[in-house]
Chemist: 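One structure follows; several queries about it will come next.
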Amino acid sequence: AFDVKLASSGQVYAIPPGRTVIQVLSEHGVDVPVSCEQGICGTCLTRVLEGEPDHRDQYLTDEERAANDQFTPCCSRAKSALLVLDL
Ligand code: FES
């Protein structure tokens, strides 16, 4: 499990195993645009301000992954305990 924090509101949400960032946020009324929900299209791409994503998508290039400044919340997770998102 890991936490995501939204930069705009300061709200922190726990993401348990088996649930995606998108699922947890939408339950709390935070809607991120999605399409494929499988890490292919890049529609959900979100800027990461702090923390290290665990990229599970097939959309970003290796260079983009290594930069740690964006991720696909429909499927990707976190290696760090907290991700701060530009939402
Ligand atoms: Fe397609 Fe996330 S919705 S990559």
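As the structure lists them, so they are numbered: ligands from 1, and atoms in each ligand from 1.
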Chemist: Just grab all the ring-ring contact (aromatic ring centres under 6.0 Å, His included) pairs involving residues 5-46, residues at least two apart or on different chains.
Modeler: Y13-H28
Chemist: Just verifying a value: how many Å separate I15 CD1 and L83 CG, rounded to the nearest 0.5 Å?
Modeler: 9.0 Å
Chemist: Which ring-ring contact (aromatic ring centres under 6.0 Å, His included) pairs, counting each pair once, include a residue from residues 62-87, with sequence neighbours left out?
Modeler: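 As it turns out, there is no ring-ring contact (aromatic ring centres under 6.0 Å, His included) pair with a partner in residues 62-87 once direct neighbours are skipped.
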Chemist: What residue pairs, at least two apart or across chains, pass side chain to side chain donor-acceptor pair (under 3.5 Å) with a residue in residues 43-55?
Modeler: R47-D86, D54-R56
Chemist: Indicate yes or no for a side-chain donor-acceptor contact from S80 to the backbone of L82 under 3.5 Å, with no hydrogens or angles considered.
Modeler: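 Side chain of S80 to backbone of L82, a donor-acceptor pair under 3.5 Å: yes, one is there.
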Chemist: Determine whether more than 12 heavy atoms belonging to other residues, nucleotides or ligands lie under 6.0 Å from atom CD of E63.
Modeler: no
Chemist: Listing by chain and number, which protein N, O or S atoms are under 2.8 Å from atom 2 (Fe) of ligand 1?
Modeler: C44 SG, C74 SG
